[in-house]
K.L.:
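Quick one: this structure, given as structure tokens, is what I'll be asking you about.
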Amino acid sequence: MNIRTRFAPSPTGQVHIGNIRTAIYNWLYARHTGGKFLLRLEDTDRDRSTPESVQEIFDSMEWLGLSFDEEPVYQSKRLAAHMEAAEYLLSCGAAFKEDKGGRGQGEVVVFRMPGKDVGFDDIIRGPMRKSGKDLPDFVIVRSDGSPVFHLANVVDDIHMNVTHIIRGDDHIENTFRHIALYRALGSKPPEFAHLPMIVNEHGKPYSKRDGAAFVGDFREKGFIPEALLNYLVLLGWSPGDDREILSREEMIGLFELSRVQSAAAQMDFRKLAWMNGEYLRKLSVETVAEKCRNVLKARGLWDQSIQEGYYLRVIELMRERMKVFTDIHDSGAFFFTEDYPFDEKAVRKRLGKDGAMEKLKAVRDRFAALEDFDERSTEVELREVADEFNANAGEFIHPVRVAVSGLPGGPGLFEMLEALGKERVIRRIDRALDRFETLKSPDEL
RNA sequence: GUCCCCAUCGUCUAGUGGCCUAGGACAUCGGGUUUUCAUCCCGAAAACACGGGUUCGACUCCCGUUGGGGACGCCA
């Protein structure tokens, strides 16, 4: 069989993470079976559908590498076919006109359910059945003459020769009606596979109110598309063994609809971050550098005068501990500006201690006297000072780190100092000495 | 309310009657490496919702209970 799947979003806003996962599974299944993956824009809601949203869908799919086959179908252009189908159903008695009165004006077309039980074998859930008495007739054409979702959906899927409908399980109920429609239209119903939903930490459907609900959010936050794809694929499906980091080719090769989970899944952002870090560390320094540059530009930290050599060195130092590209800003801003923030707790703990300022001053003076200011010399020097004070190197290292970076952690201190350069390091220590001089008790911050 | 669906560690999952004293990953905690953070290595704690069956034997099959979700539109 020539397998054809489709992703049928309605372009009414940003692309939701749950929707894109549906797209991913459709795409995977088509690619796995050597079939076609189609796209249909269900843009019949004229009030809410926008060209921007359509673009948003294209962008999101491209970003994640979800390539589709054939020309996308715009449902709004299929009106004639929908009406033709309605006429046909009317003509053969499978539908009838009715004036429902009340709020509506004029007649609607109602589809006559056969009154028999309807069942199907869901690829993921197994056998499904619904009693005929629980399947009432339903409207397929509104009184204003426009087709209702059920009609348009089925007619278009028939038109596109969709063989496997993979969609959210909130459509299970619709499926019984759709199957009746297929049959009335003289078409063999396709296979169905209903995916569980993605829920929030309260077990409720994951909605826009939960934050980071859209593909664009992850893109902005500096996630790597392959990592997000990998994470999402595993949210509801597993290859059956312990593999987790999967390349595009691997997931395509391994994907099976029958292995999709039937229970709802919850996003775990920490695991996503971990996975992103795994992918990030596999990228070349140059690639990371470019992505980080975009972040820095977007956040106003990029300066044309930044030397390429310096910049690449910084990326080298930072990328080991980065999880997402925006970390270059969140924990590396001090490499790019003198106006870097100080972590309160770190200042209190490392500079607020008795004697900390004296030690910092001592190191500062020794650093200032250094001819060659590099990783090696600064380390030798600092350790010497520590010996003279009869103290642990840590009592000097920490204050220097906080003074120079404002942070409790970061790259190895001495390589960081070398990258920053003597002049900047001395200046920063001086400023810290001045600024935190009066720091006597922890409350004074 | 009616109908449908779901149920393994905190989270994502492996498990299709004996291989399970239930495996992996993230997160957590402890230890090692690192003068710090991260990486890395080692280790710990952590789950079959409950009750009945079926069976020589149930996480696995059946029924019920509970809990959760979904659908009941001239929305999609």
Side-chain angles (χ1 to χ4, degrees), chain A residues 8-12 42-45 47-49 75 98 100 102-110 122 124-126 128-131 133-136 138-150 152-153 168-177 194 196-199 201-205 231-232 234-245 258-259 261-275 277-278 281 317-323 327 331 346 350 379 382-383 386 392-398 400-402 405 407-414 416:
Chain A
S10 35
T12 55
E42 303 212 329
D43 56 347
T44 49
D45 188 334
D47 296 335
R48 296 194 300 147
S49 295
Q75 191 161 65
E98 184 183 18
K100 290 215 166 189
R103 53 216 150 115
Q105 62 296 98
E107 296 181 313
V108 295
V109 178
V110 178
D122 192 284
I124 295 170
R125 312 287 177 121
M128 299 286 186
R129 183 154 299 277
K130 190 143 177 153
S131 165
K133 67 174 160 47
D134 295 318
L135 293 166
F138 59 97
V139 174
I140 52 175
V141 179
R142 301 188 187 88
S143 53
D144 67 0
S146 63
V148 168
F149 161 74
H150 304 293
N153 194 268
D169 65 10
D170 50 333
H171 281 290
I172 287 180
E173 301 281 330
N174 292 334
T175 304
F176 298 103
R177 302 164 189 221
H194 287 97
M197 322 207 82
I198 298 179
V199 298
E201 63 270 35
H202 306 296
K204 303 286 180 192
Y231 178 77
L232 254 19
L234 256 25
L235 200 59
W237 172 82
S238 80
D241 54 32
D242 292 337
R243 271 179 290 184
E244 296 215 288
I245 303 289
S258 55
R259 290 197 59 84
Q261 204 75 12
S262 48
Q266 201 175 309
M267 289 276 285
D268 181 353
F269 293 92
R270 288 178 302 187
K271 182 156 185 175
L272 207 209
W274 163 78
M275 192 168 272
E278 292 289 303
R281 258 168 260 120
L317 295 180
M318 288 299 293
R319 79 168 182 150
E320 279 298 293
R321 60 216 81 224
M322 285 174 38
K323 286 221 161 68
D327 284 345
S331 45
R350 303 304 187 186
E379 173 155 15
L382 183 140
R383 289 189 186 286
N392 285 329
E395 292 178 49
F396 293 81
I397 287 168
H398 294 297
V400 172
R401 171 185 293 287
V402 174
S405 74
L407 299 171
L413 179 70
F414 304 108
M416 191 167 102

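Just the heavy atoms: all of them, side chains too, but no hydrogens, waters or symmetry mates, feed the values below.
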K.L.:
With A/Arg281, which residues qualify under salt bridge (Lys or Arg N to Asp or Glu O under 4.0 Å), at least two apart?
P.N.:
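A/Arg281 satisfies salt bridge (Lys or Arg N to Asp or Glu O under 4.0 Å) with A/Glu278 once adjacent residues are dropped.
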
K.L.:
Provide a list of protein-nucleic acid N or O atom pairs under 3.5 angstrom, restricted to nucleotides 43-47 of chain B.
P.N.:
none

K.L.:
Both distances below 3.5 Å, Watson-Crick or wobble geometry, any strand: find the nucleotide opposite B/A38.
P.N.:
none

K.L.:
Got a sec, which residues hit salt bridge (Lys or Arg N to Asp or Glu O under 4.0 Å) with A/Arg383, two or more places apart in sequence or on another chain?
P.N.:
A/Glu379

K.L.:
Let me know the distance between CE of A/Met318 and P of B/U36, rounded to the nearest Å.
P.N.:
18 Å

K.L.:
I want to confirm an ordering. Mapping A/Pro411 and A/His150 to their closest nucleotides on RNA chain B, which one lands closer to the 5' end?
P.N.:
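Comparing both residues, the 5'-ward one is A/Pro411.
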
K.L.:
Could you work out which one of B/G70, B/C74, B/U13 sits closest to the side chain of A/Val148?
P.N.:
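Nearest nucleotide to the side chain: B/C74.
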
K.L.:
Just checking A/Gly236: base, sugar-phosphate only, or nothing, at a heavy-atom cut-off of under 4.0 Å?
P.N.:
sugar-phosphate

K.L.:
Taking only residues two or more places apart in sequence, or in another chain, which ones meet A/Arg321 in a salt bridge (Lys or Arg N to Asp or Glu O under 4.0 Å)?
P.N.:
none

K.L.:
So A/Glu244, base contact, sugar-phosphate only, or nothing? Heavy-atom distance under 4.0 Å.
P.N.:
base

K.L.:
Whole Å only: how far is the CD atom of A/Glu320 from the C1' atom of B/U33?
P.N.:
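Atom-to-atom, A/Glu320 to B/U33, this comes out as 14 Å.
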
K.L.:
Mind checking if A/Val139 touches a base, just sugar-phosphate, or nothing, with heavy atoms under 4.0 Å?
P.N.:
sugar-phosphate

K.L.:
A/Asp170 side chain: which of B/G70, B/G24, B/C74 is closest?
P.N.:
B/G70

K.L.:
Given the P atoms of B/U35 and B/A46, what is the spacing between them in whole Å?
P.N.:
35 Å

K.L.:
Is the distance between the ring centroids of A/Phe176 and A/His171 less than 6.0 Å?
P.N.:
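Judged by ring-centre distance (under 6.0 Å), A/Phe176 and A/His171 do not meet the cut-off.
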
K.L.:
Pick the P atom in B/G68 and in B/U8, then give their distance to the nearest Å.
P.N.:
15 Å

K.L.:
Quote, to the nearest angstrom, the C1' distance that separates B/U54 from B/C29.
P.N.:
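B/U54 and B/C29 have their C1' atoms separated by 43 Å.
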
K.L.:
With a 4.0 Å limit, can you tell me whether A/Ser143 has a side-chain N or O closer than that to the phosphate oxygens OP1/OP2 of B/C74?
P.N.:
no

K.L.:
Roughly how far, to the nearest 0.5 Å, is OG of A/Ser331 from NZ of A/Lys323?
P.N.:
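Answer rounded to 0.5 Å: 10.0 Å.
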
K.L.:
Atom CD1 in A/Ile124, atom CG in A/Asp169: separation rounded to 0.5 Å?
P.N.:
9.0 Å

K.L.:
Just how far, in rounded Å, is P of B/G73 from CG of A/Asp144?
P.N.:
18 Å

K.L.:
May I ask you to say what A/Ile397 touches in the nucleic acid, namely base, sugar-phosphate or nothing, with a heavy-atom cut-off under 4.0 Å?
P.N.:
base

K.L.:
Would a 4.5 Å heavy-atom cut-off, applied to side chains only, mark A/Lys130 and A/Arg177 as touching?
P.N.:
no

K.L.:
If B/C20 has a Watson-Crick or G-U wobble mate with both distances under 3.5 Å, name it; if not, just say none.
P.N.:
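Pair assignment: B/C20 / none.
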
K.L.:
What distance separates A/Leu407 CG from A/Met416 CE, expressed to the nearest 0.5 Å?
P.N.:
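Atom-to-atom, A/Leu407:CG and A/Met416:CE are 8.0 Å apart.
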
K.L.:
Report all interatomic pairs (protein N or O, nucleotide N or O of nucleotides 3-11 of chain B) with separations under 3.5 Å.
P.N.:
unit_1	atom_1	unit_2	atom_2	d
B/C3	O2'	A/Lys130	NZ	2.7
B/C4	O4'	A/Glu173	OE2	3.4
B/C5	O2'	A/Arg125	NH1	2.4

K.L.:
Round to the nearest Å and state the distance from A/Trp274 atom CH2 to B/A38 atom P.
P.N.:
17 Å

K.L.:
Find the distance A/Glu379:CD to B/U34:C1' and express it as a whole number of Å.
P.N.:
11 Å

K.L.:
Would you say a side-chain N or O of A/Arg243 is under 4.0 Å from OP1 or OP2 of B/C12?
P.N.:
no

K.L.:
Whom does B/U55 pair with, Watson-Crick or G-U wobble, provided both distances fall under 3.5 Å?
P.N.:
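By the stated definition (distances under 3.5 Å), nothing pairs with B/U55.
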
K.L.:
Would you indicate what A/Arg259 reaches in the nucleic acid, counting non-hydrogen atoms under 4.0 angstrom: base, sugar-phosphate, or nothing?
P.N.:
sugar-phosphate

K.L.:
Is there a Watson-Crick or G-U wobble partner for B/C50 with both distances under 3.5 Å, and which nucleotide is it?
P.N.:
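In the structure as shown, B/C50 has B/G64 as its Watson-Crick or wobble partner.
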
K.L.:
Quote, to the nearest angstrom, the C1' distance that separates B/A49 from B/C9.
P.N.:
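After rounding to an integer number of Å, I get 14 Å for this pair.
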
K.L.:
With RNA chain B as reference, determine whether A/Asn174 or A/Asp241 sits nearer its 5' end, using the nearest nucleotide of each.
P.N.:
A/Asp241

K.L.:
I'd like to check the salt bridge (Lys or Arg N to Asp or Glu O under 4.0 Å) partners of A/Arg259; sequence neighbours left out, ordered by chain and number.
P.N.:
none

K.L.:
Could you give the CD1-to-P distance, from A/Ile198 to B/G69, as a whole number of Å?
P.N.:
17 Å

K.L.:
Could you give the distance from CD (A/Glu320) to CE (A/Met318), rounded to the nearest 0.5 Å?
P.N.:
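One finds 11.0 Å between CD of A/Glu320 and CE of A/Met318.
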
K.L.:
Partner lookup for B/U33, please. Criteria are Watson-Crick or G-U wobble with both distances under 3.5 angstrom; report none if nothing qualifies.
P.N.:
none

K.L.:
In whole angstrom, give the distance that lies between atom CG of A/Leu232 and atom P of B/U13.
P.N.:
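About 12 Å, once rounded to whole Å.
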
K.L.:
If the P atom of B/U39 is compared with that of B/G1, how far apart are they to the nearest Å?
P.N.:
50 Å

K.L.:
Could you work out the separation of B/G64 and B/A22 based on their P atoms and round it to a whole Å?
P.N.:
30 Å

K.L.:
Looking only at atom P, what distance separates B/C63 and B/G24, rounded to whole Å?
P.N.:
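It works out to 33 Å between them.
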
K.L.:
Check the pair A/His194, A/Thr175 against side-chain hydrogen bond (donor to acceptor under 3.5 Å, both in side chains), reporting the backbone distance first and the verdict last.
P.N.:
CA-CA 10 Å; A/His194 287 97; A/Thr175 304; 3.0 Å; yes

K.L.:
Hey, what do you get for CE (A/Met267) to CD1 (A/Ile198), rounding to the nearest 0.5 Å?
P.N.:
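Going from the CE atom of A/Met267 to the CD1 atom of A/Ile198 covers 6.5 Å.
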
K.L.:
Within the structure shown, what part of the strands sits under 4.0 Å from A/His194 by heavy-atom distance: base, sugar-phosphate, or nothing?
P.N.:
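Since no nucleic acid heavy atom lies under 4.0 Å of A/His194, the category is nothing.
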
K.L.:
Does a donor on one side chain sit under 3.5 Å from an acceptor on the other, for A/Gln75 and A/Asn153?
P.N.:
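Side chains of A/Gln75 and A/Asn153: no pair found under 3.5 Å.
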
K.L.:
Among B/U35, B/G24, B/A76, find the nucleotide with the atom closest to the side chain of A/Ser10.
P.N.:
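Nearest to the side-chain atoms of A/Ser10, counting from C-beta on, is B/A76.
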
K.L.:
Rounding to the closest angstrom, what is the interatomic distance between B/C56 and B/U2 at atom P?
P.N.:
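Rounded to whole Å, the distance is 39 Å.
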
K.L.:
At under 4.0 Å between heavy atoms, what does A/Gly240 touch on the DNA or RNA strands: base, sugar-phosphate, or nothing?
P.N.:
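Sugar-phosphate contact only.
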
K.L.:
Looking at A/Arg321 and B/U39, is any side-chain donor or acceptor paired with a base atom of the opposite kind under 3.5 Å?
P.N.:
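A donor-acceptor contact between them is absent.
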
K.L.:
Reckon A/Phe414 touches a base, only the sugar-phosphate, or nothing at all at heavy-atom distances under 4.0 Å?
P.N.:
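If one applies the 4.0 Å heavy-atom cut-off, A/Phe414 turns out to touch a base.
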
K.L.:
For A/Met275 and B/U13, give me the distance from atom CE to atom C1', rounded to whole Å.
P.N.:
12 Å

